[in-house]
Amino acid sequence: MASAPTTVTVTGAGGQIGYALLFRIAAGDMLGGSRPVRLRLLEIPQGVRAAEGAALELQDCAFPLLHDIEITDDPLTAFNGANIALLVGARPRGPGMERADLLAANAGIFGPQGAAIGAVAADDVRVVVVGNPANTNALIAAASAAPHVPADRFTALTRLDHNRAVGQLAELLEVPPGEIADVIIWGNHSATQFPDVSHAGLADGRSVLEALTERLGGADAATAWLDDVFIPRVAKRGAEIIEARGSSSVASAANAAIEHVRDEQLGTHRGWTSAAVVSRGEYGVPEGLVCSVPVVSRGDGEGYRVIDGLGFDARGRARFEASVAELVAERDAVRALGML
Ligand code: NAD
Ligand code: LMR
């Protein structure tokens, strides 16, 4: 007997990432090849027509797993019975906008959406926030969904940063990306993030640090490459993409969102991945902040679990603390606006 469809809500479905996401979800890339999906697309009124256009094309693909599509500008309709929600729609930074303006504009979106999730989503709902500033938007949505939905059902996307880090290492070390394990993104999805390779390894048994030392001709050269090239390149890759394309990352962001949900739902396989999850105080991160850490999932419905107790060197610890301090400042700015 065919299983009941999983209700997947996508916000900002008429936008660029939405367009890249919907076809992959409907094709089964996110939940596997045997789980039918019911898509609920949320847009603001000006975006509804674009979402309707995407729905026409989805119909024209005749995906066997796509049960039905509903398009709405009403959050209560969009999140009704949602098992999985991808919160993509967000207010982008405009000319002259300060970070606090961006936080306030997005709190006005993610607060009501969190409340709607709390009111009408399915009991097992899991939410990933993609729209920026993703970590703090997730914090706001989780707070607004309480007490109806446990905060740990909310996560924010740092899988794109994780994949970017793997991609940079794969290029330099001339190995396939799939042979690199246990890279970590710590902190915020912003330029303060700390991409960390100190626990990473290769399929041939070498650590990434050993391989970098061999490739670059010494430990000092490896450290210099990590400090001067790798960390800034990964942390500022979003800006590099914007510079090259004229708009922010789309297909890679959609791919990362698919992989984030797929691994959370079906399980991680080799080593850990990175996701921003609600802190329970691990690594000294203030409780409740949505902070990127190493995680695994067993695919048992319990979601991501934090890999706790890893060590840092002093410089790594300082980088991580700087990113956590930025998350604290974002939380405090939203609180000062009375939105948390
Ligand atoms: P986009 O402007 O093409 O699309 C955004 C869509 O959201 C638009 O169609 C808009 O109408 C809709 N929208 C705005 N407010 C909404 C609301 N209240 N409810 C429902 N829909 C709403 O932008 P995009 O390129 O798709 O990017 C979306 C977001 O993802 C941006 O915030 C971007 O910065 C962020 N992003 C995050 C990552 C990450 O790794 N976390 C990566 C890339 C982009
Ligand atoms: C990205 O990482 O590509 C996005 O968050 C866009 C940005 O502003 O960097």
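Count residues from 1 along the sequence. For ligands, and for the atoms within them, numbers begin at 1 and follow the listed sequence. Given the structure is predicted, the values throughout are model-derived calculations rather than measurements.
Here the heavy atom of the protein found nearest to atom 5 (C) of ligand 1 is G15 CA, 4.2 Å. Residue, atom and distance of the protein heavy atom nearest to atom 41 (N) of ligand 1 are V130 O, 3.2 Å. Counting protein heavy atoms only, atom 30 (O) of ligand 1 is closest to I17 CD1, 3.6 Å. Atom 23 (O) of ligand 1 has Q16 N, 4.6 Å as its closest protein atom, hydrogens excluded (heavy atom only). For atom 43 (C) of ligand 1, the closest non-hydrogen atom on the protein side is S249 OG, 3.2 Å. Shortest contact from atom 29 (C) of ligand 1 to any protein heavy atom: V88 O, 3.3 Å. Regarding atom 16 (C) of ligand 1, its nearest protein heavy-atom neighbour is I44 CG2, 3.5 Å.
In L157, the parts holding a heavy atom less than 4.0 Å from any atom of ligand 1 are both the side chain and the backbone. Counting heavy atoms closer than 4.0 Å to ligand 1, residue A253 contributes side-chain atoms (C-beta onward) but none from N, CA, C or O. Contacts with ligand 1 closer than 4.0 Å are made by side-chain heavy atoms of L160 only, the backbone lying farther away. If you look at Q113 next to ligand 1, the close heavy atoms, those under 4.0 Å, all belong to the side chain. The side chain of H189, and not its backbone, has at least one atom closer than 4.0 Å to an atom of ligand 2 (non-hydrogen atoms only; side chain from C-beta on). In N132, the part holding a heavy atom less than 4.0 Å from any atom of ligand 2 is the side chain.
Checking atom 26 (O) of ligand 1 against the protein gives a heavy-atom contact under 4.0 Å. Closer than 4.0 Å to atom 2 (O) of ligand 1 lies none of the heavy atoms of the protein.
Ligand 1 lies within reach of E43, whose nearest heavy atom is under 4.0 Å from it. Residue contacts with ligand 2: R164 is included, with a non-hydrogen atom under 4.0 Å away. In this structure, H189 is part of the shell of residues with a heavy atom less than 4.0 angstrom from ligand 1.
In plain terms, the two heavy atoms of F320 and S292 that are nearest each other are CE1-O, 4.4 Å. The shortest heavy-atom contact between L209 and L226 is CD2-CD1, 3.7 Å.
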List the steps, then state whether salt bridge (charged side-chain N to carboxylate O under 4.0 Å, His left out) holds for D227 with R319.
CA-CA 11 Å; D227 286 350; R319 287 184 194 278; 3.1 Å; yes

For salt bridge (charged side-chain N to carboxylate O under 4.0 Å, His left out), just list the numbers for D204 and R206, CA-CA rounded to whole Å, side-chain angles, deciding distance to a tenth of an Å, and then say yes or no.
CA-CA 6 Å; D204 65 14; R206 287 178 300 162; 2.9 Å; yes

Taking it one step at a time, do T77 and E70 satisfy side chain to side chain donor-acceptor pair (under 3.5 Å)?
CA-CA 9 Å; T77 305; E70 186 174 356; 5.5 Å; no

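Across D161, I242, N132, heavy-atom proximity to atom 31 (C) of ligand 1 is greatest for N132. For atom 7 (O) of ligand 1, the nearest non-hydrogen atom from the set A134, G89, A254 comes from G89. Between atom 14 (C) of ligand 1 and the options G12, G131, G108, A90, the minimum heavy-atom separation is to A90. Between atom 8 (O) of ligand 2 and the options V250, I242, I241, V234, the minimum heavy-atom separation is to I242.
For ligand 1, the atoms closer than 4.0 angstrom to any heavy atom of I109 are 15 (N), 18 (N). Taking every non-hydrogen atom of G238 and a distance limit under 4.0 Å, the qualifying atoms of ligand 2 come out as 1 (C), 2 (O), 3 (O), 9 (O). Listed by atom number, the atoms of ligand 2 under 4.0 Å from S249 heavy atoms are 1 (C), 3 (O). Of all atoms in ligand 2, numbered sequentially from 1 with element shown, those under 4.0 Å from a heavy atom of S248 are 6 (C). Atoms of ligand 1 found under 4.0 Å from any heavy atom of G14 (numbered from 1 in listed order, with element): 9 (O).
A donor-acceptor pair shorter than 3.5 Å cannot be found between the side chains of Q193 and T158. Judged purely by distance below 3.5 Å, without hydrogens or angles, the side chains of T7 and R40 never pair a donor atom with an acceptor atom. In the model, E259 has a side-chain atom that pairs as donor or acceptor with a side-chain atom of N163 under 3.5 Å. Using a 3.5 Å distance cut-off with no hydrogens or angles, the side chains of S198 and D196 do pair a donor with an acceptor.
R153 contributes a side-chain N or O that, together with a main-chain N or O of V125, makes up a donor-acceptor pair within less than 3.5 Å. Using a distance-only test at 3.5 Å, with no hydrogens or angles considered, no donor-acceptor pair links the side chain of Y304 to the main chain of D152. The closest donor-acceptor contact from the side chain of D68 to the backbone of R38 lies at 3.5 Å or more, if one exists at all. Looking at S279, its side chain never comes within 3.5 Å of a backbone N or O of L289 through a donor-acceptor pair.
Between the CZ atom of R270 and the CD1 atom of I180 there is a distance of 9.0 Å, given to the nearest 0.5 Å. Between the CG atom of L31 and the CZ atom of R24 there is a distance of 12.0 Å, given to the nearest 0.5 Å.
Under the side-chain contact (heavy atoms from CB on, under 4.5 Å) rule, L87 has a single partner from L42, L157, I117, I109, which is I117.
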